Amino acid sequence: MQTKRTVFPNKVLPYLLIAPQLLITVVFFLWPAATAFWQSFLRQDAFGFKTNFVWFQNYRRLFADPLYMDAFGHTLVFAVSVTVLSTMIALTLAAAAMRVLRTSRIYSTLLIWPYAVAPAIAGILWWFMFNPSIGIVAYTLRSMGISWNHLINPDNAMVLIVIAATWKQISYNFLFFLAALQSVPRSLQEAGAIDGAGPVKRFWTIVFPLISPTTFYLVVINIVYAMFDTFGIVHATTQGGPARATEILVYKVYFDGFIGLNLGSSAAQSVILMVIVVALTAVQFRFVERRVQY
Amino acid sequence: MVENRPFLNFLAHLVLILGVTIVIFPVYIAFIASSHGPNDFLSGVVPLMPGPHIIENYSTMLSSGMTSSGAPPIGPMLLNSLIMAVGVAVGKIAISILSAFAIVYFRFPFRTLAFWMIFITLMLPVEVRIVPTYKVVADLGMLNNYGGLIIPLIASATATFLFRQFFLTVPDELMEAARVDGAGPLKFFRDILLPLSVTNIAALFIILFVLGWNQYLWPLIVTTDQSLYTVVMGIQRMAAVADAEPRWNLVMAAVILAALPPVLVIVAMQRLFVKGLVETEK
């Protein structure tokens, strides 16, 4: 690991410096993760009197459970929709902002603040707009002959959380796309223009390939966001309903653990989620390493 | 741009204005709703123009809140959010900068092991290990106090990496000169390294403040005592009863009050925020 040419010679001091962080990491991260791993092999009776070691039974039950498979499906639909929508909208806005560079600072300021809004608050804002009895969007949809009720219609509920999650994520993607677009050399664009390529052709053949690393990075980050940071959106609006149609994986871990008190199953779900995060993080880091040479 | 095309410039403005409108619209609606009396919603759709009850609604929320519906007043909740956000931000920065200093400026056994132990926290978001973490906090008697709200959230791998990357770019000569002058590591840290890191610390503080303010799941499970509710999680309790007893004006006033502080911080500190964001994430 990289370090300085010369270092301080102290023997004890570095341990003291690093101790607070390591202590918190061990107590609140590593120990709970290890407990989750251990617990995922246990089965407790409802009163907590007896605990059996059951090997992979919790996992087998999970994968045989249609509800868990459904939650996987919902998460997939949700994460893909949010990722595709938020990157596409953000890229369009960033490309537009690049064209009008002189005024783009004003537009950026107006576009980046949703980053600061909590997911739960974003959920409530859209939930209010789509409220079947008084919401403005529900009212407009009704006047166009489309009935809307996310309280009873599963598809409506999914659309609601996708919109809220996308709305919140656009600002983040916009900033990264804008930074990437600004780093594309102007001379390349000018060369393309001299060769007679129009703005649209130039964008897809010159600019887009150059910003593709950023796009890839954002796709991974957006998947992580949609899978793990959207608990607040779901909990504050649909609570996984109606008929569990918006129950995504992080919500199910919470629900089965705290409401259902099925600790073994919740722990097994935690372990599965950890495996997913590790995989996504590994992908992200391989990309970051490549990016350094790039 | 490369060539002058007025139509494309017009189109760009159009796209941006449309984007800004969509981004602002939900908050506009919430703000309008918060300025009306409770009876203005009976017509079946939310009004589009401001109403006359704005001061009344906000002062009701700040002083008494929706106590009748089981939610505490919003003033104390805002204070709790502030304590939590500042606590998380300061705590993360403090322990991260110290451990980054140890990792970069010292060579000690288990240094690589320590580095990887910190690194692995990147992969364990609180949502994923929620039940066992709750159990640890409960066993330590940290439920329903500020310690339990803040301390489990302050380990941060990204902040440690940011400081490590930054320290690696600080010229070695500075440290050598300090050593020749007889300065020990702590004096070097305080008099040279810390002043050099001020911009990084400020940028990081903004992002971590927003992160701490917006916490939802963690306060939801570690606080059952109303006097410790944070505003973002408290709002869910109000919204849940809003359908039974339609007081949308008050709920939306609370939403605006909860969203405002982090938004103001980011808009005011835009430049630092962008710097911090791009550096922490890459």
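Chain identifiers are assigned alphabetically (A, B, ...) following the order of the sequence lines, protein sequences preceding nucleic acid strands; residue numbering begins at 1 within each chain. The structure presented is a predicted model; accordingly, all values stated were derived computationally and were not measured.
- Within the 4.5 angstrom heavy-atom criterion, atoms from both the backbone and the side chain of A/Ile136 approach chain B.
- Only the side chain of B/Leu220 comes within contact range of chain A, with at least one heavy atom under 4.5 Å from a heavy atom of that chain.
- Counting heavy atoms from C-beta on, the side chains of B/Met252 and B/Phe31 never come closer than 4.5 Å.
- Only the side chain of A/Gln239 comes within contact range of chain B, with at least one heavy atom under 4.5 Å from a heavy atom of that chain.
- Using a 4.5 Å cut-off between heavy atoms, A/Tyr139 touches chain B through its side chain atoms alone.
- With a 4.5 angstrom heavy-atom cutoff, A/Thr281 touches chain B only via side-chain atoms.
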Q: Output, in order, the C-alpha distance, side-chain angles, deciding distance and verdict of ring pair (Phe, Tyr, Trp, His ring centres under 6.0 Å) for A/Tyr115 and B/Phe273.
A: CA-CA 11 Å; A/Tyr115 175 87; B/Phe273 160 67; 5.0 Å; yes
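- With a 4.5 Å cut-off on non-hydrogen atoms, A/Met129 touches chain B through its side chain but not through its backbone.
- Proximity to chain A is limited to the side chain of B/Phe119, based on heavy atoms less than 4.5 angstrom apart.
- Proximity to chain B is absent for every atom of A/Leu23, based on heavy atoms less than 4.5 angstrom apart.
- Looking at A/Leu93, both its backbone and its side chain come within 4.5 Å of chain B, counting heavy atoms on both sides.
- In this structure, the portions of B/Val15 lying under 4.5 Å from any heavy atom of chain A include both its backbone and its side chain.
- In this structure, the portion of B/Tyr134 lying under 4.5 Å from any heavy atom of chain A is its side chain and not its backbone.
- In this structure, chain B has heavy atoms under 4.5 Å from both the backbone and the side chain of A/Leu110.
- Looking at B/Pro125, only its side chain comes within 4.5 Å of chain A, counting heavy atoms on both sides.
- For the pair B/Arg179 and B/Phe188, the cation-pi test (distance below 6.0 Å, angle within 45°) is failed.
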